[in-house]
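Working notes, beginning with the structure itself.
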Protein chains: 2
Amino acid sequence: MKLSTRTRYGFRAIMELAEDYGHGPLQLNVIAKRQDISLKYLEQLMAVLKSAGFVRSVRGAKGGYILAKAPNQIKLSDIFNALEGPIVTVECVGDKSQCSRAVDCVTRELWMQVQDAIEKVLELMTLHLQELADKAQKSKMSSYQI
Amino acid sequence: MKLSTRTRYGFRAIMELAEDYGHGPLQLNVIAKRQDISLKYLEQLMAVLKSAGFVRSVRGAKGGYILAKAPNQIKLSDIFNALEGPIVTVECVGDKSQCSRAVDCVTRELWMQVQDAIEKVLELMTLHLQELADKAQKSKMSSYQI
DNA sequence: TGTATTCCTACTTCATTAGTAGTATATACA
DNA sequence: TGTATATACTACTAATGAAGTAGGAATACA
């Protein structure tokens with residue numbers, strides 16, 4: 001179980017926007033250069049983040065992306081869900097009809113508990129971007145490579 | 001983030017062995033038939049479980065597989081680790097040299113916390129197979145499809 | 001010896017991830 | 001109004017890993 005680059009890159013991009021919050025739109029080529037991500041790939045990730053409502057875009061010259069909410073209102077678990085998708089241990093946890101034995105299934109119960117626990121963790125681990133951005137700015141290298 | 005069939009099938013096989021514990025070796029073709037898993041694929045999964053020390057094998061006619069430890073000594077988290085591999089959010093969590101910015105990295109710290117939390121959950125969720133097997137046997141359908 | 005079983009290795013197929021590419025569309029600004 | 005600068009959209013490609021198939025060798029029982 002590893003994080004995809006989607007999640008890692010997307011998170012980095014969000015961090016850049018958070019740090020830049022209040023200074024108007026930030027261009028993807030700037031983020032791409034700073035974070036060493038392919039611009040074209042980043043465009044696609046941003047489309048996901050945009051449709052998920054985390055960022056707004058401004059087209060044309062001097063355009064770019066802006067956080068849709070204030071940094072301190074965007075949670076890690078939200079971003080995680082948008083980019084990585086929901087945590088699913090096994091199909092039958094979300095959809096009983098996936099398996100004919102689900103009704104009596106003992107381990108389905110078990111996996112449900114595991115899944116709930118992980119989701120709660122991510123909920124609890126939800127850090128406000130502002131905190132991270134602040135910390136990153138204090139750090140000499142201003143680094144938050146993920 | 002979804003469980004692989006490796007983990008699901010492997011877990012089912014372990015459950016079969018747990019239920020059968022004390023009755024000599026159980027053949028893979030029996031497990032394959034009961035759990036509707038390809039025998040050839042199951043063979044490969046069992047090789048993993050064997051090298052991880054969860055099962056012992058007996059070759060030749062009347063051979064098969066036996067749990068290496070008593071069911072109540074095998075934990076879910078162990079099996080999970082053997083089949084699914086360790087939980088790794090990002091490479092740099094386990095190996096700082098993966099990323100030049102790791103030393104000062106703020107979000108590396110964050111992902112480390114996430115990872116630790118998930119691992120603790122799996123540790124806590126560790127159920128003894130005996131309990132599951134007992135429950136499964138009480139259930140009319142004796143089902144534990146994962 | 002014959003049959004049943006694990007063991008070992010290689011191959012195939014499919015889906016997903018990661019990334020590239022080209023073009024259309026919108027906007028600022030000279 | 002023309003041009004440079006952005007995002008938007010769609011299609012394609014390459015690499016990787018997951019899932020499964022296949023064949024035969026080694027082993028042990030009867």
Side-chain angles (χ1 to χ4, degrees), chain A residues 1-13 16-17 20 23-33 35-52 54-68 82-86 88-91 146, chain B residues 1-13 16-17 20 23-33 35-52 54-68 82-86 88-91 146:
Chain A
M1 298 224 300
K2 259 181 66 181
L3 284 187
S4 64
T5 60
R6 278 171 69 93
T7 302
R8 301 194 292 119
Y9 292 176
F11 201 87
R12 288 197 223 162
E16 288 282 350
L17 293 179
D20 201 62
H23 300 82
L26 182 61
Q27 292 78 44
L28 289 194
N29 62 60
V30 174
I31 298 178
K33 194 167 288 178
Q35 294 292 335
D36 195 29
I37 302 171
S38 145
L39 172 62
K40 285 300 194 178
Y41 192 39
L42 185 56
E43 282 178 359
Q44 295 174 44
L45 302 186
M46 294 311 289
V48 174
L49 290 171
K50 186 186 174 187
S51 69
F54 293 118
V55 298
R56 288 190 302 112
S57 67
V58 180
R59 296 180 72 162
K62 305 276 177 180
Y65 282 87
I66 313 174
L67 282 190
L83 291 167
E84 192 79 16
V88 175
T89 45
V90 286
E91 296 293 344
I146 299 181
Chain B
M1 299 226 297
K2 259 180 67 180
L3 284 186
S4 63
T5 59
R6 278 170 70 94
T7 302
R8 301 194 292 120
Y9 292 176
F11 201 87
R12 290 197 223 163
E16 289 282 349
L17 293 179
D20 201 63
H23 300 83
L26 183 60
Q27 292 78 44
L28 288 193
N29 63 58
V30 174
I31 298 178
K33 194 167 288 179
Q35 294 291 335
D36 195 27
I37 303 172
S38 145
L39 171 61
K40 285 298 192 179
Y41 192 39
L42 185 56
E43 282 178 1
Q44 295 175 43
L45 302 186
M46 294 312 288
V48 175
L49 291 172
K50 187 186 173 188
S51 69
F54 294 119
V55 298
R56 288 189 303 110
S57 67
V58 179
R59 296 179 73 159
K62 304 275 176 183
Y65 282 86
I66 313 174
L67 281 190
L83 291 168
E84 193 76 16
V88 175
T89 45
V90 286
E91 296 294 344
I146 299 180

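In this model, the phosphate group of dA6(D) is approached by a side-chain N or O of N29(A) to a distance below 4.0 Å at OP1 or OP2. Not one side-chain nitrogen or oxygen of S4(B) sits closer than 4.0 Å to the OP1 or OP2 atom of dA18(D). Side-chain nitrogen and oxygen atoms of Y9(A) include at least one within less than 4.0 Å of the OP1 or OP2 phosphate oxygen of dG19(C). Listed pair S57(B) / dT6(C) fails the phosphate criterion, with no side-chain N or O lying under 4.0 Å from OP1 or OP2. OP1 and OP2 of dT13(C) both lie 4.0 Å or more from every side-chain N or O belonging to Y41(B). Phosphate contact (OP1/OP2 of dA18(C), side-chain N/O of T5(A), threshold under 4.0 Å): present.
Rounded to whole Å, atom P of dA8(D) lies 12 Å from atom CG of L49(A). With rounding to whole Å, Q27(A) atom CD is found 17 Å from dA4(D) atom P. We find that CG of L39(A) is positioned 11 Å from C1' of dT20(C), with the value rounded to whole Å. Rounded to whole Å, atom P of dA18(C) lies 12 Å from atom CZ of R12(A). Taking atom CD1 of I66(A) as the reference point, atom P of dA6(D) lies 14 Å away to the nearest angstrom. Rounded to an integer number of Å, the gap from CG of L42(A) to P of dT7(D) is 9 Å. Per the geometry, CD belonging to Q44(B) stands 14 Å off C1' belonging to dG17(D), to the nearest Å. Atom CZ in R56(B) sits roughly 14 Å away from atom P in dT6(C) (whole-Å rounding).
In this structure, E43(A) and G63(A) both approach DNA chain C, and ranking their closest nucleotides by distance from the 5' end singles out E43(A). For V58(B) and G60(A), each mapped to the nucleotide of DNA chain C holding its nearest heavy atom, the one lying further toward the 5' end belongs to V58(B).
Contacts of K40(B) with the nucleic acid, taken as non-hydrogen atoms under 4.0 Å apart, include base atoms.
The distance from the CG atom of L42(B) to the CG atom of D36(B) is 11.5 Å, given to the nearest 0.5 Å. Atom CG of residue D20(B) and atom CD1 of residue I66(B) lie 9.5 Å apart, to the nearest 0.5 angstrom.
Residues Y9(B) and S4(B) have side chains that never bring a donor and an acceptor to within less than 3.5 angstrom of each other.
One cannot find a donor-acceptor pair under 3.5 Å joining the base of dT27(C) and the side-chain atoms of R59(A).
V55(A) and Y65(A) make their closest contact through CG2-CD2, 3.8 Å (heavy atoms, listed as atom of the first residue, atom of the second, distance).
Nearest nucleotide to the K62(A) side chain, out of dA18(C), dA28(D), dC29(C): dC29(C).
Side chains of Y41(B) and R6(B) form a contact here, defined as non-hydrogen atoms less than 4.5 Å apart.
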